[in-house]
Amino acid sequence: MRYVFTDVKPFNLEAMLEGGQAFRWEREGKGYRGVVKGRVISVSYDKDTLMVDISEGNNTKEEDIKFIRDYFDLDRDYEKIEEDIKTQFPELEKVIVMASGNRILHQDPWETLVSFIISANNSINNIKKVIDRLSQNYGRPIEFKGRLYYSFPSPEVLSSLSEEEIRCTRCGFRGKYIINAARMIREGVINLEEIKGLPTEEAIKELTKIPGVGVKVASCILLFSYKKFDSFPVDVWIKRAVEGIYFNGASKPVKEIINFAQNKFGNLAGFIQQYLFYYIRNNKMI
DNA sequence: TTCCAGGTATGCA
DNA sequence: TGCATACCTGGA
């Protein structure tokens with residue numbers, strides 16, 4: 001099924017899909033192809049128009065459209081967000097100009113949780129490969145345009161694996177964390193739906209009860225699947241960027257950087273984090 | 001061969 | 001509380 005969305009701007013597929021928030025997208029011609037919540041999606045963007053091909057599902061057209069609008073955050077006014085950031089924080093103007101059209105995707109909490117457990121002390125390239133192998137081995141096959149793709153495996157499936165079995169995904173020391181997280185979800189020790197309703201600080205407390213989940217991973221889940229925009233995940237890149245722009249390059253503890261960003265940026269913090277990440281990863285230095 | 005990658009857990013002062 | 005260190009694996 002094909003859907004066309006007009007007057008979509010600003011919108012930068014590369015920034016969104018290769019910007020480190022989602023790991024299941026690959027370039028396909030001028031666009032991208034990926035698997036989202038059990039559906040295969042092909043997207044391209046040109047002249048303010050977003051074209052989306054999506055694999056067969058049980059949804060109505062209206063539900064599909066809602067699903068796509070929701071995932072790509074099409075109903076949020078990013079022109080205003082970018083304008084607000086440039087006005088309030090002129091020091092970030094070059095960042096926003098360079099990364100314009102980057103949006104926060106609305107991803108599945110479970111998939112985001114596992115993806116960012118895998119991200120610890122890992123490279124983006126390798127994270128993608130491990131997630132692919134997890135899906136191919138334990139996900140559900142989906143046919144699309146004559147090819148097979150695989151959904152992200154459920155907590156039920158992953159909770160039944162042994163550390164020996166999950167080794168085929170080459171996730172390394174993170175295997176035990178993934179299996180344990182799946183069990184905590186299955187047994188109701190952690191309820192991802194309930195966490196969604198908590199304020200950022202409390203949600204981080206809950207999520208970090210899961211071994212393998214620290215403040216950074218928890219913050220990513222909050223930002224990329226719960227739309228908690230005051231969340232500000234700090235990794236080595238963001239740390240370096242904030243220190244460069246605001247502390248004259250002096251090293252600061254992560255805790256201090258989070259507090260600084262949340263106080264200064266408020267509900268724009270999450271967006272700024274995402275623009276900054278894309279900017280610094282593609283500019284080498286500030 | 002060695003080092004590093006969207007961090008986290010652990011042990012010790 | 002704060003700091004150092006180990007950790008699977010793959011690529012440079």
Only pairs at least two apart or in different chains count here, so list each salt bridge (Lys or Arg N to Asp or Glu O under 4.0 Å) that has a residue in residues 208-225 of chain A.
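Non-adjacent pairs meeting salt bridge (Lys or Arg N to Asp or Glu O under 4.0 Å): A:Glu206-A:Lys209.
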
For residues 144-159 of chain A, which residue pairs pass the salt bridge (Lys or Arg N to Asp or Glu O under 4.0 Å) check, not counting sequence neighbours?
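The answer is A:Asp53-A:Lys145.
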
Under the side chain to side chain contact (heavy atoms under 4.5 Å, CB included) test, residues paired with A:Thr112 that sit two or more places apart:
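Only A:Gln107, A:Phe116, A:Ile221, A:Phe224, A:Ser225 meet the side chain to side chain contact (heavy atoms under 4.5 Å, CB included) criterion with A:Thr112.
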
Using side chain to side chain contact (heavy atoms under 4.5 Å, CB included) as the criterion, list what pairs up with A:Val254, not counting sequence neighbours.
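Testing A:Val254 for side chain to side chain contact (heavy atoms under 4.5 Å, CB included), a comparison that skips the adjacent residues, returns A:Val234, A:Lys239, A:Ile258.
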
With clusters built from Ile, Leu, Val, Met, Phe, Trp and Tyr whose side-chain heavy atoms come within less than 4.5 Å, directly or transitively, what are the remaining members of the cluster of A:Val40, listed by chain and number?
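Joined to A:Val40, directly or through intermediates: A:Val35, A:Ile142, A:Phe144, A:Tyr149.
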
Base, sugar-phosphate or nothing for A:Ile238? Non-hydrogen atoms, less than 4.0 Å.
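Base contact.
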
Under 4.0 Å, counting only non-hydrogen atoms across every strand here, what does A:Gln273 touch: a base, just sugar-phosphate, or nothing?
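Here A:Gln273 touches the bases of the nucleic acid.
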
Residues in ring-ring contact (aromatic ring centres under 6.0 Å, His included) with A:Phe247, at least two apart?
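For A:Phe247 the ring-ring contact (aromatic ring centres under 6.0 Å, His included) partners, ignoring immediate neighbours, are A:Phe260.
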
State which residues pass ring-ring contact (aromatic ring centres under 6.0 Å, His included) with A:Phe89; sequence neighbours excluded, sorted by chain then number.
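With neighbours one apart ignored, the set is A:Phe265.
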
Which pairs of donor and acceptor atoms, one on a side chain in residues 17-26 of chain A, lie under 3.5 Å apart (sequence neighbours left out)?
from	atom 1	to	atom 2	distance (Å)
A:Glu18	OE2	A:Arg27	NE	3.3
A:Glu18	OE2	A:Arg27	NH2	3.3
A:Glu18	OE2	A:Tyr32	OH	2.4
A:Gln21	OE1	A:Leu105	N	3.0
A:Gln21	NE2	A:Arg103	O	2.6
A:Arg24	NH1	A:Ser135	OG	3.3
A:Arg24	NH1	A:Tyr150	O	2.9
A:Arg24	NH2	A:Ser135	OG	3.4
A:Arg24	NH2	A:Tyr150	O	2.9
A:Trp25	NE1	A:Tyr71	OH	3.1

Restricting to nitrogen or oxygen on both sides, can you table the protein-nucleotides 1-4 of chain B pairs closer than 3.5 Å?
none

Distance-only check: which donor-acceptor pairs under 3.5 Å involve side-chain atoms of residues 3-11 of chain A, not counting sequence neighbours?
from	atom 1	to	atom 2	distance (Å)
A:Tyr3	OH	A:Asp64	OD2	2.8

Relative to the 5' end of DNA chain C, which residue comes earlier, A:Lys255 or A:Cys171, by the nucleotide with the nearest heavy atom?
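Upstream on the strand: A:Lys255.
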
Between B:dG11 and C:dC8, how far apart are the P atoms? Round to whole Å, please.
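Between the two P atoms, the distance is 15 Å.
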
ILVMFWY network linking A:Phe67 to A:Ile104, side-chain heavy atoms under 4.5 angstrom
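Different clusters.
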
Which ranges of DNA chain C pair up as stems, where a stem means three or more consecutive Watson-Crick or G-U pairs with both distances under 3.5 Å?
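Result, WC/G-U stems under 3.5 Å: B:2-5 with C:9-12, B:7-13 with C:1-7.
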
Scan nucleotides 7-13 of chain B against the protein and return all N/O pairs shorter than 3.5 Å with their distances rounded to 0.1 Å.
from	atom 1	to	atom 2	distance (Å)
B:dT8	OP1	A:Gly214	N	2.8
B:dT8	OP1	A:Gly214	O	3.3
B:dT8	OP1	A:Val217	N	3.0
B:dA9	OP1	A:Gly212	N	2.8

Report the distance from atom CD1 of A:Ile178 to atom C1' of C:dC8, rounded to the nearest whole Å.
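Between C1' of C:dC8 and CD1 of A:Ile178: 11 Å.
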
